[in-house]
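Okay, so here's the structure we're looking at.
Since this is a predicted model, take the numbers as computed values, not measurements.
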Amino acid sequence: PGYIKVIVLSSTTTNTYIQISGYSDQGISYSSGKVNVGDSGSLSYPVLPGSVTVDIGNSNLFNGASEQIEIIYVYYAA
């Protein structure tokens, strides 16, 4: 087990969101849900061994956006 921290350092929109989800090796699914971070912000979320997906997007209806991000994974050895 451990956690993932996603940092949006900058974005060209204030409508940026982050979502962390995954499926553990034991069959447990989990999700942070969409967390709005605006034009900068972060989300830390616990993860289990298995697969993890990090989604970064925005709620703009017509215009895309550019983001500068950093993703940190911290693993706790038993």
Side-chain angles (χ1 to χ4, degrees):
Y3 69 91
I4 288 184
K5 182 173 186 175
V6 180
I7 306 164
V8 175
L9 301 168
S10 65
S11 175
T12 57
T13 181
T14 57
N15 299 322
T16 305
Y17 67 80
I18 301 168
Q19 180 171 326
I20 299 171
S21 59
Y23 194 76
S24 77
D25 292 338
Q26 292 77 30
I28 301 168
S29 62
Y30 54 90
S31 175
S32 66
K34 289 183 181 178
V35 177
N36 293 318
V37 295
D39 58 5
S40 65
S42 64
L43 172 64
S44 294
Y45 201 75
V47 296
L48 297 169
S51 62
V52 176
T53 301
V54 175
D55 293 312
I56 300 168
N58 66 68
S59 58
N60 295 350
L61 295 178
F62 300 107
N63 298 323
S66 297
E67 286 87 18
Q68 182 178 6
I69 65 166
E70 181 177 337
I71 299 176
I72 301 168
Y73 173 61
V74 176
Y75 175 77
Y76 296 111

Rounded to the nearest 0.5 Å, how far does [atom2] of [Y] lie from [atom1] of [X]?
X	Y	atom1	atom2	value
Tyr17	Asn58	OH	CG	7.0 Å
Ile69	Ser42	CD1	OG	12.5 Å
Lys34	Thr16	NZ	OG1	12.5 Å
Ser51	Tyr23	OG	OH	9.0 Å

Check: Ser21/Ser31 side-chain N/O donor and acceptor closer than 3.5 Å: no
Just by distance, no angles: are the side chains of Ser11 and Asp39 close enough, under 3.5 Å, to form a donor-acceptor pair? no
Minimal non-hydrogen separation, Ala65 against Thr13, with atom names: CB-CG2, 3.5 Å
Do you know which two heavy atoms are closest between Gly50 and Asp25, and how far apart they sit? CA-OD1, 3.2 Å
Would a distance-only check, ignoring hydrogens and angles, find a side-chain to backbone donor-acceptor pair under 3.5 Å from Ser32 to Ile20? yes
For the pair Ser44 (side chain) and Lys5 (backbone), establish whether a donor and an acceptor sit closer than 3.5 Å, ignoring hydrogens and angles. no
Heavy-atom side-chain contact between Tyr75 and Val47 under 4.5 Å: no
Quick check: do Asp55 and Ile18 have side-chain heavy atoms less than 4.5 Å from each other? no
On the 0 to 90° scale, with breaks at 30° and 60°, tag the Tyr3-Tyr76 ring pair as parallel, tilted or perpendicular. tilted
